[in-house]
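Inspection log for the structure reproduced underneath, given as structure tokens.
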Amino acid sequence: MKYNPKANIPDLMEATGKGQRTISRELKEYQEAGLLRREGSRKTGHWVVE
């Protein structure tokens, strides 16, 4: 995320070898903890690492 803020779930799945549900769950946990936030829309937005 830090090096590729435009990464999406399929990109993260390929990079980590984890499944879609795991990636989604971890992203949600990071957002709730205040470590990660999404700026912009789902299609054209990007991730910001806090």
With a 4.5 Å heavy-atom cut-off, do Met13 and Gln20 have their side chains touching?
yes
In residues 42-50, what donor-acceptor pairs under 3.5 Å come from side-chain atoms, sequence neighbours left out?
from, atom 1, to, atom 2, distance (Å)
Thr44, OG1, Ser41, OG, 2.8
His46, NE2, Glu39, OE1, 3.3
Trp47, NE1, Ala7, O, 3.3
Glu50, OE2, Arg37, NE, 2.3

Verdict with supporting geometry, Thr16 and Thr22, side chain to side chain contact (heavy atoms under 4.5 Å, CB included)
CA-CA 10 Å; Thr16 63; Thr22 302; over 6 Å; no
Separation between CD (Glu29) and CD (Glu32), nearest 0.5 Å, reads 7.5 Å
Nearest 0.5 angstrom please: Asp11 CG to Ile23 CD1, how far?
10.5 Å
